[in-house]
Structures are given as structure tokens and as C-alpha cells.
2 protein chains.
Amino acid sequence: MLDASISKYKTLYKADAIFHQGTESSCIYAIRSGAVRTYTTAKNGDQQTLGFHLPGDILGLNGLDNKIHSCSGVTLATSTICEIPIKTLHMLCIKMPGLQRQLLRVLGEEISKDYTMLLMLARCNADQKLAIFFTNLSERFGKRGFSTREFELTMTRSEIANYLGLADETISRLIARFKDKKLIQVQRKSIKIIAKQRMIEIAEGECTLDEV
Amino acid sequence: MLDASISKYKTLYKADAIFHQGTESSCIYAIRSGAVRTYTTAKNGDQQTLGFHLPGDILGLNGLDNKIHSCSGVTLATSTICEIPIKTLHMLCIKMPGLQRQLLRVLGEEISKDYTMLLMLARCNADQKLAIFFTNLSERFGKRGFSTREFELTMTRSEIANYLGLADETISRLIARFKDKKLIQVQRKSIKIIAKQRMIEIAEGECTLDEV
DNA sequence: CGCGTGCTTGATCCCAATCAAGACATGTGG
DNA sequence: CCACATGTCTTGATTGGGATCAAGCACGCG
């Protein structure tokens, strides 16, 4: 929607920071290509990954009122990012009456997503968490026209672990078990989902991993 | 901010539903008095409490674009709720140019709050969670002009447990330990915080409960 | 080639869940 | 006013899922 109006692209390389928690938020960021991880940092320094973001996603929306970024964003691979100054955005909103509502909608969707995430962290066991992770990722790749069955992970095991509130070793073990149970094929970062339906059942707690 | 413009109040009694997840969201809700619990429900039926809300809080903002409620709200006690139709809200936005930005700001704050909650659920142990819970509640009472040291819990132990991603029994045990360690005084639902600073230290992981 | 980072695997431990029972408060109908 | 039911909370005993500790492995890169 914004593409036509703005075209300030920026190429970033793996592990480059896009924006930092605590700094003034002057832009929102649209991912054009690549992948991004967002995370919050607690006072004591430990961080929680909030999400992995793909092309088409918009970041930094929650600091819209010229406020402060409540999370940080970092690239997981070479990426092109489109920066849209919030000032520009506000001006555009005047020109395009529908835009402001769209922003409200996107923010609302972000909140819904957070709710789902809260539910997952609080109520799901490790098996479910990983199944949910793979299922979501697969779905999101699909929406972008990529294969839902085969994809490359851009993030490390450790980052997945952090995202799901688990230990690194647990992720390793789980991936191994998913492989043993013929739910997926794995080769380092490349994942092939074999038993999609089963995966969904595990994600939703309808069956357990060792029942498979 | 909206008070002047609208005055459709409604009195609800304990355990009354205000809005339901999955239904069309036609209103936002401002709490005038009482207390409200919001929660999401998963497909399999289990629910996750998202927050406990006090007078002055606004609920239902995330369905602004005439969409669907992504959580449910239920009163914890007799409450007066002010309903503001989203249509009215959109009209008001045209009259009052600052309002739309305010809405964006409130939504942004909600997202920041969710991030904090994600971090808590994923990274904190049970002691920290309860300390965070008490500290936050205390702070929020303070902002509303009530005592930060003494207050009544409107929710059950079980609801606290659900909110923090713990078992009911764990909450009972923790409250007992907090009492033993002279951090709080308890009498059923009435809480008095004795060692505020210690509580904060525990919340932030700077010290453990049995060091106290 | 050698080093470092990321990943895997094994052994052990511990925090919080679960199971179980009882205590206390509140409400309800006789 | 009491007997009883019900929901809430507490406390104890036991279990178990995932964390932690500790090596070793595999790949990529200078």
C-alpha cells in the first residue's frame, strides 16, 4: 500500500541492527527481502525473541506516536529494508483517508498475534511449541508464494529456543524426535515437512509426540 | 478524554461477560469502576488470562477496524462500564484531530505491555512471576490514587495462576512463602506489601526468595 | 589446516506440575 | 439456625518435563 509513495531502500547484511529498543522511533520499517528477528531486552540484560519476520512484514508500528521503540530489530540474513519516516506516514494519512484505519488494523493484528503467543508460552509443552513454530512458519511461507513443505531456517537453534522459551538443547532434541517420528526431514537448516496434518494435531494438543 | 462526549454507562455484576472472543467488535469499553479480567481461548478450549484491568483502562481497542474481538472480557466484581461504539469513535476522530493519534499511542502501549508479558512468561521463574504481579498491581493502584501498600485482590488464586502460567497450588505455596519471608501480610484476598524494595529485587531477578 | 561457532547427545538435577486430602468460607434450603 | 453442599484455598507427597552441566561432533571460514 505504501510502496508507491516511498522508495528509500536500504541493504543490510546479516546481524545488522535495524532499530534499537529504547531509542526514539522515527521510522517504521517494511521488509522487502531477507529476514528479521525482533526481541525485547529486560533490565537484567536477558532477551526474549518476539518474532521472526519475513518480506512484507512491517516493523516498528508500536512506536507510532513519536515515541520509543519497545523492541529491537536485527537482520538474520542480507535484507533490504524500506524505511518510512513517521512524519511522512502522518502526512500520508491526511492524503489517504483509508491509511490511518489500515494502521489501526495492522496494530490490532499485532496484538492478536501477541495474544496467541502468550497462550502458547503459558500453556503449551515443548512438543507443541515446536510444532506450532513449524506450522506457523510454513503457513507464512505459503502466503508469500513459497513452498509450505520445504524451507530454509534463517535463524539458529538457539534463537528458536529463545523464541519458544526453551533451552537450546531441548530444541536439538525435539528436532531429532520430530525427525525420528517421520514428521520432518532435516538437514541442518533445511526443513521438509512430511506429515503436515500430524504436526497440526500435535500443535493443537490433539495428540502427543510419542503417540505418533 | 472521551468522558465528555459519551455517557452510556452500564452496570454489570460479578462474572458478567462484557464481550466475547470471536464476536464482531462494535464497541470499545472503558472501565469506570470495578475490575475486569480479559482472556483468550484456544481451539482446545483452554484459556489464558491476558490481564486484570482497573478503572480508567480501555478494552477492546484491538478490534478497531470493525473486526473481531480477539479476547473476551469478564467482570471480577460489580463494575460500571462505559461502551463507546466504534462508529462514534471514528466520527469523533474526525472532529478531534488528536484523538486518532491517541488511539495509536494507546495501542502501542498495549503492544509494549504484551512484550513485557511475553518476556515474563518465557524467562521468569515462579518467584519472579509472583513478585512482578504484586509489584505491577501495586503500581497500578498507586496511579489511580489508591494505596500501593495495601489492597484487595479481586481475582482468585486460580486466576492469578492462569495469568502467570503456573498451577493453582504453586500460587498458594508462593504466597505462603512470601508471607514467611515477611515480604507481605496476607489475609485471604487482602494483601499488604511490607518489603517493597525486596519484592522489586526478586521481580528483577537480583536476588532469590530464599536469600531473603 | 586449525579454529570457532553452532549443533548434537548423554547424564543428572531441580522446579513446578500433578495427585490427593483436608480446611475454611460462603451460600442454600429445610 | 443448622446441616449440607460448593467453591476456594492450603498443605503434603510424589512425579516428571525440561534445564543444566558436560563432552564431543560437524561444518564453514580465515
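So you know, we letter chains A, B, ... as the sequences are listed, proteins then strands, and number each from 1.
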task = May I have the step-by-step check of salt bridge (charged side-chain N to carboxylate O under 4.0 Å, His left out) for B:E109 and B:K113, ending in yes or no?
result = CA-CA 6 Å; B:E109 283 167 7; B:K113 215 189 58 187; over 6 Å; no

Roughly how many Å is it from [atom1] in [X] to [atom2] in [N], rounded to a whole number?
X	N	atom1	atom2	result
A:Q187	D:dC25	CD	P	20 Å
A:E169	D:dG18	CD	C1'	10 Å
B:I171	C:dC15	CD1	C1'	14 Å
A:I191	C:dC7	CD1	C1'	13 Å
B:R123	D:dG18	CZ	P	15 Å
A:K129	D:dG17	NZ	C1'	11 Å

query = Can you find a donor-acceptor N/O pair under 3.5 angstrom joining the side chain of B:R173 to the base of D:dG12?
reply = yes

Answer with base, sugar-phosphate or nothing: what part of the nucleic acid does [X] contact at a heavy-atom distance below 4.0 Å?
X	answer
A:S172	base
B:K189	sugar-phosphate
A:N125	sugar-phosphate
B:L166	sugar-phosphate

query = Ring centres of A:Y29 and A:F19 under 6.0 Å apart?
reply = yes

task = Salt-bridge test for A:E152 and A:K189: reply yes if a basic N is under 4.0 Å from a carboxylate O, no otherwise.
result = no

Check every atom of [options] against the side chain of [X] and return the nucleotide holding the closest atom.
X	options	value
B:R188	D:dA22, D:dT11, D:dC9	D:dC9
B:A126	D:dC9, C:dA16, C:dT9	C:dA16
B:A167	C:dA17, D:dC27, D:dG18	C:dA17

task = Kindly assign one of parallel, tilted or perpendicular to the pair B:F134 and B:F151, based on the angle between their ring planes and the thresholds 30° and 60°.
result = tilted

ask   = What is the bend of the helix from C:dC1-D:dG30 to C:dG30-D:dC1 when you compare the axis at one end with the axis at the other, using five pairs each and rounding to 10°?
value = 40°

request  = Report yes if at least one side-chain N or O of A:T170 is closer than 4.0 Å to OP1 or OP2 of D:dG18; otherwise report no.
outcome  = no

query = At under 4.0 Å, does any side-chain N or O of B:R157 touch on OP1 or OP2 of D:dT10?
reply = yes

Going by atom types only, do [X] and [Y] share a side-chain donor-acceptor pair under 3.5 Å?
X	Y	answer
A:T75	A:D16	no
A:S190	A:Q187	no
A:R37	A:T49	yes

note = Judged by nearest nucleotide, the residue sitting upstream toward the 5' end of DNA chain D, B:V186 or A:D127, is B:V186

